[in-house]
2 protein chains.
Amino acid sequence: MSGVIDVQEIDLDAVREQVDAVLEDFLEDKAGAAARRSHPPEVANTLRAFLAAGGKRVRALLCVVGWHAAGGSEDRAAVLRVAASLELFVAFALIHDDIMDDSAVRRGRPAVHRALCTRLGQSSRAERLGAGGALLVGNLALIWAQELLHTADLPLRRRRTVHALYDAMLEEVMYGQYLDVMGTGPDDDIDAALRIARYKTATATVERPLQLGAAVAGADDTTVNLCTALGLPLGEAFQIRDDLLDVFGSTDGACTPGLGDLREGKRTVLLALGLRAATPAQQRRLRSLVGRADLDEHGAAEVRAILEETGARRRTEHMITSRYEQALRVLDAAALPTAASRALRALAVTATQYTS
Amino acid sequence: MSGVIDVQEIDLDAVREQVDAVLEDFLEDKAGAAARRSHPPEVANTLRAFLAAGGKRVRALLCVVGWHAAGGSEDRAAVLRVAASLELFVAFALIHDDIMDDSAVRRGRPAVHRALCTRLGQSSRAERLGAGGALLVGNLALIWAQELLHTADLPLRRRRTVHALYDAMLEEVMYGQYLDVMGTGPDDDIDAALRIARYKTATATVERPLQLGAAVAGADDTTVNLCTALGLPLGEAFQIRDDLLDVFGSTDGACTPGLGDLREGKRTVLLALGLRAATPAQQRRLRSLVGRADLDEHGAAEVRAILEETGARRRTEHMITSRYEQALRVLDAAALPTAASRALRALAVTATQYTS
């Protein structure tokens, strides 16, 4: 609880530790309760390991900063609980995402469904059963995220606002993923790609966490609107950059280029820009390569070359920068407490220079 | 609202219609809101169709009857909302269950993941993407079940009790399914099979719905304990009968015998009893046939014959009857309002003579 309130700096490292302590206590209790009742404690322990393996806790930090921005000073335990809930929600979304994409690796370790599959051994059904086990671990992450939320000690009106915001966020993310999964594959419709990015990730990454923190502090409309004005550009930049990193990796080498989105044929802004600027011959190559489950490094290199030649990569980077700058302009114009404003500038960098 | 309170009979058909009206209004609102916001309204509509295709609403009815049993008279809107939430929770559990088991049919129609797979057409990824879409539809059913729950208008103390009971139920079901999926396949451990049945289905089918309704009415400890005394035997009977129907079908032909549990190698009481009473030769046959993904009707007929010969089928039927009778004894000894007691007797028959 040390020195986070009414100071010029919000100690984001301290906040991260406090959020992690809430998560660890909660999941340790769950593992203990499971063991006492002949339930499998490994579910809670799988989630503890998942959280311990990484994650920047961006959403939790934004939630606490949103609370500061709205003048939060009481209810610190409540905002930490809401912030922790967001991180369990992220775990749920990532574990299910990895099942749907059949991703092998998450945070440098085998994805949960792959780890469970390995544990089941040589059975011919191990793959399906491992996915089933991971689906259930993900479900419990969501169920526990909601438990953390509704056990946060809040006055009735704020509780209602917090629940309404959280429900809206959950719906947006599910709808965005649904459009992603059931969609038609990449085309040159940049607005459609942006819409998917917005629902799947953008609002849940910045806008909703900021609003949730602000709502815990009983924010007025000005602050809630500021969360949106700030959250939308930063959230979009976050997702666009994520798509860029998936294809090109990061310049510092922390994130290596991959084949995931290209093989999936994900509908990203990057690919929409590429298709739009491509010559007919390049369009044919992109359409024949992207979305192939057997795309190899050679094919991926050709796609990357076309995305460079058409200027799609450069334009995508520009879209990130312009959104980052837009967020800074919003911050400049807002009359926020200094500490909250500074923390938001730092988090804006973290969110748009996301490298893992 | 007609004549359900303070009468000698609870009109269960009327309750069912009221619960369905809550569900229909809620999901119609969701579909409308989605359409207005460029979200896919088909998710809410898929759930409406799923609910319209069948289901006896046993859990919703038990919830309302539990409320009557605890002397409920106010908060009728609240208890209907909690009851409706239970049915969305069931939809979530069944949709995910069908993905995990890759079941083709649910309530006489293609399972959700199969229907979405068909819609995606000839793509080589249709199967995985259809499962992904269904996973998300299931997630939204859970998210909306929780929304129905936490928007029920309840005083703080009752709200806390309701949430704690609901959270316990969600955990039990997820843990039960997890044990089912990650388990070792059938053996002769009857207690282990009963434990899986208890967590996967039993508590969530009878005990928790009764307790939730009672909690909405602010039940005292006597009523809560009665819910458990009644709920455990009835819930177990319900699950044991479900396992029996899966293998043998129903005598009235409404439910045809299937291959699902046998191919999956589900750890059921029926199979545990069979393995325990089998000769060494029969044991070898059971172990070689059950759990084979390619088990055919011929092999299934051999399994059924062994389950008959060993007396496992008869003993399983006896376990159902004895649990039903135990529940009736609990009811006889309890001082419940007449209407609630009668309704519980009727629902005890429905739950243990479940035929579809």
Side-chain angles (χ1 to χ4, degrees), chain A residues 30 33-34 37-40 42-43 92-93 96-97 99-102 116 119-120 123-125 128-133 135-140 142-144 146-147 149-151 156 159-160 163-164 167 170-183 185 195 199 264-265 291 293, chain B residues 30 33-34 37-40 42-43 92-93 96-97 99-102 116 119-120 123-125 128-133 135-140 142-144 146-147 149-151 156 159-160 163-164 167 170-183 185 195 199 264-265 291 293:
Chain A
K30 289 294 182 194
R37 306 185 57 201
S38 312
H39 287 158
E42 67 199 62
V43 175
F92 146 75
H96 277 195
D97 233 16
I99 298 171
M100 290 188 278
D101 293 348
D102 194 17
L116 294 182
R119 240 191 51 201
L120 287 162
S123 151
S124 60
R125 290 194 306 257
R128 186 162 59 76
L129 295 178
L135 184 148
L136 294 163
V137 173
N139 287 347
L140 275 165
L142 171 61
I143 288 162
W144 288 337
Q146 300 245 45
E147 184 179 333
L149 190 76
H150 71 69
T151 53
L156 182 61
R159 166 193 301 276
R160 282 203 183 132
H163 267 299
D167 286 340
L170 292 174
E171 268 185 26
E172 284 153 3
V173 173
M174 292 303 110
Y175 279 140
Q177 291 189 326
Y178 188 87
L179 288 173
D180 206 21
V181 166
M182 299 293 292
R195 196 168 63 237
Y199 289 129
E264 280 295 313
Chain B
K30 288 294 181 193
R37 307 185 58 200
S38 312
H39 287 157
E42 67 199 62
V43 175
F92 146 74
H96 277 194
D97 232 14
I99 299 171
M100 288 188 277
D101 293 346
D102 194 19
L116 294 181
R119 240 190 53 203
L120 287 162
S123 150
S124 61
R125 288 194 306 256
R128 187 162 58 79
L129 295 178
L135 183 149
L136 294 163
V137 173
N139 287 347
L140 275 164
L142 172 60
I143 288 162
W144 288 338
Q146 301 244 46
E147 183 179 334
L149 190 76
H150 71 68
T151 53
L156 180 62
R159 166 193 301 276
R160 282 201 183 135
H163 267 298
D167 286 340
L170 292 173
E171 268 184 26
E172 283 153 4
V173 174
M174 292 304 109
Y175 279 141
Q177 291 190 326
Y178 187 87
L179 288 173
D180 208 20
V181 166
M182 299 293 292
R195 196 168 64 236
Y199 289 129
E264 280 296 313

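The chains referred to below are lettered A, B, ... by the order of the sequence lines, with proteins before strands, and numbering in each begins at 1. Both backbone and side-chain heavy atoms feed into the values below; hydrogens, waters and symmetry mates do not.
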Go through the atoms of [X] and report whether side chain, backbone, both or neither lie under 4.5 Å from a heavy atom of chain B.
X         : answer
Glu147(A) : both
Val43(A)  : side chain
Glu264(A) : both

Are His150(B) and His163(A) near enough that their ring centres are under 6.0 Å apart?
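Close enough - the centres of the two rings lie under 6.0 Å apart.
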May I ask you to name which of [options] has the most heavy-atom pairs under 4.5 Å with chain A?
options                                    : value
Leu156(B), Val137(B), Asp101(B), Val173(B) : Asp101(B)
Asp102(B), Asn139(B), Asp180(B), Leu142(B) : Asn139(B)
Ile99(B), Thr151(B), Ile143(B)             : Ile143(B)
Met100(B), Gln177(B), Arg160(B)            : Met100(B)

Between [Y] and [X], is there a side-chain heavy-atom distance shorter than 4.5 Å?
X         : Y         : value
Leu170(A) : Leu140(B) : no
Met182(A) : Leu136(B) : no
Tyr178(A) : Leu116(B) : yes

Quick check on the interface: out of Arg37(A), Lys30(A), Gln146(A), who has the most heavy-atom pairs with chain B under 4.5 Å?
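Option with the greatest count: Gln146(A).
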At a heavy-atom distance under 4.5 Å, which candidate from Gly132(A), Pro40(A), Ala164(A), Gly133(A) has the highest pair count against chain B?
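Heavy-atom pair counts peak at Pro40(A).
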Any side-chain to backbone donor/acceptor pair from Arg125(B) onto Gly291(A)? Under 3.5 Å, distance only.
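Checking the backbone N and O of Gly291(A) against the side chain of Arg125(B), a donor-acceptor pair under 3.5 Å is found.
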Given a strict heavy-atom distance threshold of 4.5 Å, which part of Glu42(B) is in contact with chain A: side chain, backbone, both, or neither?
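The answer is the side chain of Glu42(B).
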Quick check for you: to the nearest 0.5 Å, what is the distance between Leu135(A) atom CG and His96(B) atom NE2?
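Result: 5.0 Å between the selected atoms.
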